[in-house]
Q: 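Here it is, the structure in full.
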Amino acid sequence: MERKIKKADQESHNEAINEMRKFFESEKPQLGIFWFNPEKWFLFGVGKMDAEECLAEKHLTYPKLHKTFWQKQHFRARAKNDVESMYYEEHNYTMIPRGRIFYNNGNYIVKVGEWINDLDIERFSELIQDEFNLPDDFEFEIDEHWNLGHGWSEEKF
């Protein structure tokens, strides 16, 4: 079978470029979810969207759930037999520090559990601010849902 090579026209080229722009890091504030590894001091399992995009869809936070994200990664690691993946074993996703960024009445709020009290808050603030492009005046709010081992359905968000 002979392969044909098609040259893209300007319109399809522009469409491809615009689609790729979605993958570049945004400089706009973002809403999202994350887990935090305090031993290695990094965020992982980050899911995020530009805040204005979430708000346009009438969401005050990122529309995906921690539980759904974790399950997807777990099944992917199992399917690939990636025993090195932290998602490979069925760990309870609520036993790892996690949080969610909300927008409410002009304020960005990072909801976390009491685990945050064991951290250098300034250093952690910088990590969150850099990852989600939040303004300096964002707030942390401790909520029992994000305490280790706690959680209930996030589907109400």
Side-chain angles (χ1 to χ4, degrees), residues 16-104 107-157:
I17 296 298
N18 286 334
E19 189 64 27
M20 289 189 312
R21 281 192 175 112
K22 293 178 183 178
F23 298 104
F24 293 121
E25 284 295 317
S26 174
E27 292 184 19
K28 298 175 183 177
Q30 298 172 317
L31 305 179
I33 62 173
F34 63 88
W35 278 271
F36 175 64
N37 181 324
E39 289 81 32
K40 297 184 179 177
W41 203 264
F42 73 93
L43 299 176
F44 69 96
V46 173
K48 57 188 174 180
M49 287 174 64
D50 287 348
E52 64 186 30
E53 191 176 334
C54 288
L55 297 172
E57 295 177 9
K58 307 271 190 269
H59 297 292
L60 297 179
T61 189
Y62 179 69
K64 304 217 175 174
L65 305 176
H66 280 94
K67 180 179 179 180
T68 305
F69 180 93
W70 193 271
Q71 287 173 337
K72 182 177 181 180
Q73 298 305 317
H74 170 71
F75 293 132
R76 180 177 288 150
R78 285 294 186 154
K80 292 181 176 182
N81 199 30
D82 183 3
V83 295
E84 299 297 316
S85 171
M86 66 179 22
Y87 303 106
Y88 184 81
E89 293 298 323
E90 283 196 57
H91 295 292
N92 182 342
Y93 74 95
T94 68
M95 295 304 293
I96 301 167
R98 71 189 196 288
R100 178 180 283 277
I101 291 83
F102 289 84
Y103 181 85
N104 194 15
N107 297 314
Y108 291 92
I109 302 161
V110 180
K111 292 205 178 194
V112 294
E114 292 181 19
W115 54 264
I116 195 170
N117 292 326
D118 297 330
L119 302 179
D120 174 341
I121 299 295
E122 292 306 313
R123 186 175 174 204
F124 187 66
S125 294
E126 288 176 20
L127 190 63
I128 293 291
Q129 189 173 20
D130 289 346
E131 183 67 42
F132 294 95
N133 301 312
L134 297 179
D136 291 339
D137 62 349
F138 77 89
E139 303 170 3
F140 284 108
E141 183 177 304
I142 295 175
D143 185 309
E144 70 177 295
H145 174 77
W146 286 276
N147 282 342
L148 297 181
H150 289 263
W152 55 82
S153 174
E154 296 173 308
E155 294 170 10
K156 65 183 177 179
F157 301 125

Q: Kindly compute the distance separating CG (N133) from CD (Q30), expressed to the nearest 0.5 Å.
A: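 Spacing of CG (N133) from CD (Q30) equals 5.0 Å.
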Q: Output the distance between atom CG (L55) and atom OG1 (T61), rounded to the nearest 0.5 Å.
A: 10.0 Å
Q: Side chain of N37, backbone of K40: donor and acceptor closer than 3.5 Å?
A: yes
Q: Is the ring pair F44/F42 parallel, tilted or perpendicular, if the boundaries are 30 and 60 degrees?
A: tilted
Q: Is the shortest heavy-atom distance from the side chain of V112 to the side chain of F34 under 4.5 Å?
A: yes
Q: So, for Y108 and P29, which heavy atoms are closest and what is the spacing to 0.1 Å?
A: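 Looking at all heavy atoms of both residues, the shortest contact is OH-CB, 3.3 Å.
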Q: Might you point out which heavy atoms bring N147 and E114 nearest each other, and give the distance in Å?
A: OD1-N, 2.6 Å
Q: Can you classify the ring geometry of Y93 versus W70 as parallel (below 30°), tilted (30 to 60°) or perpendicular (above 60°)?
A: tilted
Q: Please answer whether the main-chain N or O of E141 pairs with a side-chain N or O of W146 as donor and acceptor at a distance below 3.5 Å.
A: no
Q: Starting at CD1 of I101, measure out to CZ of F138 and round the result to the nearest 0.5 Å.
A: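 So the CD1 of I101 and the CZ of F138 are separated by 8.5 Å.
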Q: When you measure from the side chain of H74 to the backbone of Y87, do you find a donor-acceptor pair of N or O atoms at a distance under 3.5 Å?
A: yes
Q: Please enumerate all residues that pass side-chain hydrogen bond (donor to acceptor under 3.5 Å, both in side chains) together with E139, with sequence neighbours excluded.
A: none
Q: Quick one: side-chain hydrogen bond (donor to acceptor under 3.5 Å, both in side chains) partners of Q129, sequence neighbours excluded?
A: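 With neighbours one apart ignored, the set is D136.
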Q: I'd like to check E131 versus K48 (side-chain heavy atoms, cut-off strictly below 4.5 Å). Are they in contact?
A: yes
Q: Is the charged tip of K111 near the ring of F102: under 6.0 Å from the six-membered ring centre and within 45° of its axis?
A: yes
Q: Taking it one step at a time, do I116 and V110 satisfy side-chain contact (heavy atoms from CB on, under 4.5 Å)?
A: CA-CA 11 Å; I116 195 170; V110 180; over 6 Å; no
Q: Looking only at heavy atoms, what is the nearest atom pair of F36 and P38, with distance?
A: O-CD, 3.2 Å
Q: Quick check for you: to the nearest 0.5 Å, what is the distance between K67 atom NZ and N92 atom CG?
A: 10.0 Å
Q: Take atom CD in E57; do more than 12 heavy atoms of anything else shown fall under 6.0 Å from it?
A: yes
Q: So among F69, Y62, F132, W35, which one has a side chain to side chain contact (heavy atoms under 4.5 Å, CB included) with V46?
A: F132
Q: Test of understanding: with side-chain hydrogen bond (donor to acceptor under 3.5 Å, both in side chains), list the residues that count as partners of N81, not counting sequence neighbours.
A: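 With sequence neighbours excluded, N81 shows a side-chain hydrogen bond (donor to acceptor under 3.5 Å, both in side chains) to Y88, given in chain and number order.
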Q: Can you find a pair of side-chain heavy atoms, one from Y103 and one from C54, that are under 4.5 Å apart?
A: no
Q: For the residue pair M95 and G149, what are the closest heavy atoms and their distance?
A: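 Here M95 and G149 meet closest at SD-CA, 3.3 Å.
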Q: Working to the nearest 0.5 angstrom, can you tell me the gap between H66 NE2 and R100 CZ?
A: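 Going from NE2 on H66 over to CZ on R100, the span is 6.0 Å.
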Q: Looking at E52 and K28, what are the two nearest heavy atoms and their distance?
A: OE2-NZ, 2.7 Å
Q: What distance separates L31 CG from L60 CG, expressed to the nearest 0.5 Å?
A: 8.5 Å
